[in-house]
Protein chains: 2
Amino acid sequence: MRVLIVEDDQFHASYLQDALAEALPEVTEIFHATDGVAGEEEARKDEIEAIIMDLQMDRRNGIEAARAIWARRPQSRILFWSNYADEAYLRGIAQIVPEDSAYGYILKTASRERLKLALRAVLVEGQIMVDREIHRLQKRSASPRNRLDDSEFAVLLDLALGLQDKLIAERRGMSLRTVQNRLLSLYEKLGVLSDLDAELTLNKRVRALNRALVTRMINTETLEAAQRDLETWLAGRG
Amino acid sequence: MRVLIVEDDQFHASYLQDALAEALPEVTEIFHATDGVAGEEEARKDEIEAIIMDLQMDRRNGIEAARAIWARRPQSRILFWSNYADEAYLRGIAQIVPEDSAYGYILKTASRERLKLALRAVLVEGQIMVDREIHRLQKRSASPRNRLDDSEFAVLLDLALGLQDKLIAERRGMSLRTVQNRLLSLYEKLGVLSDLDAELTLNKRVRALNRALVTRMINTETLEAAQRDLETWLAGRG
DNA sequence: AGACATGATGCGGGTTCCCGCAACGACTTT
DNA sequence: AAAGTCGTTGCGGGAACCCGCATCATGTCT
């Protein structure tokens, strides 16, 4: 069995390599890439089917690399391994995972035992496995109906890019007023109105972006990715 | 010589410990804290004067911890050690470093040799040492007069919190129009108008925050810290 | 079928924001 | 001293934004 590690931090990479050798004796070869682009190439070149993927990397992040890899070989098994339980990543992964391929998500703070378990479950057994900590996050944000639905999230991204209502409406195929309603529910769910002194009025749009950031609903990488999406959409619009 | 390591990632901490033992034979004792609060206590309790400080930590980030430590013992020698060459951190450090105390800033991607050099230079010799990569960043952002002055940066933070012009004016002691002028130059320096299709008009405020984030001028921690500042200011205002 | 909830859309008005124009003071240059 | 530069402030208008109110379509419950 051949495994690819995509991880730009050398310490973490070698720790992984260790744990991997220890947990999976069936591993015959370990490849290593230090960013998303190199990881993609490596995965393609050597037809690797088991991958451990860091999420935060410079040149191309793990989610984009995974999308490319899965587009090519949907049966690839990918274990994501990240520093943070960050909702933006979760949502990103949920959107790109193919119908019945194996994947997992585990935190770097997990114990070695749990990591080894995840390695075996996902890469060998082809199961789906999500770290308990992350599940907890999902629950938390799901319970007080703070959870955004997909169209709200889309509008949030557009807002975060600085688009105006009219352009969002055009891009998402909604009427102007509908976009504003989405914004309204965003303000509600993000707690734009409730936090700080209730007295002082804020710039709602900026505050929404602020809240989305500090609650880890989106992050800087999300913004960069969204910007790229926007640019391709703009290009295909005339 | 007694050294304190403040670092929440266990791999990095043990790597540091290794390098430290190797580079500085004069070290007699190594303490370890895994977040800013614990680091502060440790530093106070044991009157430690040489510290290696990670910047990104959960409970309290390295800059705040360093400020508290320096407030107590300005002669403390602190080597910051971080993943990113992030302008927000640079600015934060520049603002809190006491008159003539030794400090350094080195990236986690630096070679072991360079790390050892920095350890010796800062912690033993009491020099000031900044990683070449970081210096490059400073230059880059300084040259095309994109660099923000302090008052512009203050307005940027207020904007990022979602404050309205009037409130910013009150908080910073400027007139409304002056605030707007600051915003204007912010938009200029952040490239709010120039990027993307020049045709499509954007929400400038949101776009400014977006640009500030993707250029690493500010980050989520900055926002959280700024929010705390704002709250204390609000409390003392009536 | 009828009552009801939910979401999309239009209209109108009040507020905030962006910014051109102009005046003023402090400081520098010639 | 005269001229020029730079930052601050006021005024005013047009654009964008927020949102209450009303309407209409769709789907659900009784």
Chemist: Mind checking what makes salt bridge (charged side-chain N to carboxylate O under 4.0 Å, His left out) contact with B:Arg216, not counting sequence neighbours?
Modeler: A:Glu224
Chemist: Could you tell me the separation between the CG atom of B:Leu186 and the P atom of C:dC19, rounded to a whole number of Å?
Modeler: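 That distance rounds to 12 Å.
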Chemist: Take atom CG of B:Leu159 and atom P of C:dC17, then tell me their distance rounded to the nearest Å.
Modeler: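 Rounded to the whole Å, the gap is 9 Å.
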Chemist: Which residues satisfy the salt bridge (charged side-chain N to carboxylate O under 4.0 Å, His left out) test with B:Asp54, sequence neighbours excluded?
Modeler: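 Listed in chain order: B:Lys108.
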Chemist: Would you mind reading off the distance between B:Leu183 atom CG and D:dT9 atom C1', rounded to a whole angstrom?
Modeler: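 Result: 15 Å.
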Chemist: For A:Ala160, check side-chain contact (heavy atoms from CB on, under 4.5 Å) against everything at least two apart and list the hits.
Modeler: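 With neighbours one apart ignored, the set is A:Leu209, A:Ile218, A:Leu223.
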Chemist: Report the residues that fulfil side-chain contact (heavy atoms from CB on, under 4.5 Å) with A:Asn203, sequence neighbours left out, ordered by chain and then residue number.
Modeler: A:Arg205, A:Val206, B:Arg205
Chemist: Using a cutoff of under 3.5 Å, can you pull out all pairs of nitrogen or oxygen atoms linking the protein to nucleotides 15-17 of chain D, with atom names and distances?
Modeler:
from	atom 1	to	atom 2	distance (Å)
D:dC17	OP2	A:Asp165	N	3.4

Chemist: Any protein N or O atoms within reach of nucleotides 6-10 of chain C? Criterion: under 3.5 Å, listing atom names and distances.
Modeler:
from	atom 1	to	atom 2	distance (Å)
C:dA8	OP1	A:Arg182	NH2	2.2
C:dA8	OP2	A:Arg182	NH2	2.9
C:dT9	OP2	A:Ser175	N	3.0
C:dT9	OP2	A:Ser175	OG	3.4
C:dT9	OP2	A:Thr178	OG1	2.2
C:dT9	O5'	A:Ser175	OG	3.2
C:dT9	O5'	A:Thr178	OG1	3.4
C:dG10	O6	A:Arg177	NE	3.2

Chemist: For B:Asp9, check salt bridge (charged side-chain N to carboxylate O under 4.0 Å, His left out) against everything at least two apart and list the hits.
Modeler: none
Chemist: B:Glu188 CD to C:dG20 P: how many Å, rounded?
Modeler: 11 Å
Chemist: Can you give each donor-acceptor pair under 3.5 Å made by side-chain atoms of residues 178-185 of chain A, sequence neighbours left out, with the distance rounded to 0.1 Å?
Modeler:
from	atom 1	to	atom 2	distance (Å)
A:Thr178	OG1	A:Ser175	OG	3.1
A:Gln180	NE2	A:Asp165	OD2	3.2
A:Asn181	OD1	A:Arg177	NH1	3.0
A:Arg182	NE	A:Ser151	OG	3.4
A:Arg182	NH1	A:Ser151	OG	2.9
A:Ser185	OG	A:Glu152	OE2	2.9
A:Ser185	OG	A:Arg182	O	2.9

Chemist: Taking only residues two or more places apart in sequence, or in another chain, which ones meet B:Gln164 in a side chain to side chain donor-acceptor pair (under 3.5 Å)?
Modeler: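 By the side chain to side chain donor-acceptor pair (under 3.5 Å) rule, B:Gln164 matches A:Thr201.
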Chemist: Polar pairs (N or O, both sides) under 3.5 Å between protein and nucleotides 23-27 of chain C?
Modeler:
none

Chemist: In terms of side-chain geometry, is the basic nitrogen of B:Arg228 or B:Glu64 positioned less than 4.0 Å from the acidic oxygen of its partner?
Modeler: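 The answer is yes: the pair qualifies as a salt bridge.
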Chemist: Please list, chain by chain and in numerical order, all residues satisfying side-chain contact (heavy atoms from CB on, under 4.5 Å) with B:Ala68, sequence neighbours excluded.
Modeler: B:Glu40
Chemist: Taking only residues two or more places apart in sequence or in another chain, which ones pass salt bridge (charged side-chain N to carboxylate O under 4.0 Å, His left out) with B:Arg172?
Modeler: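 Expected list: B:Asp158.
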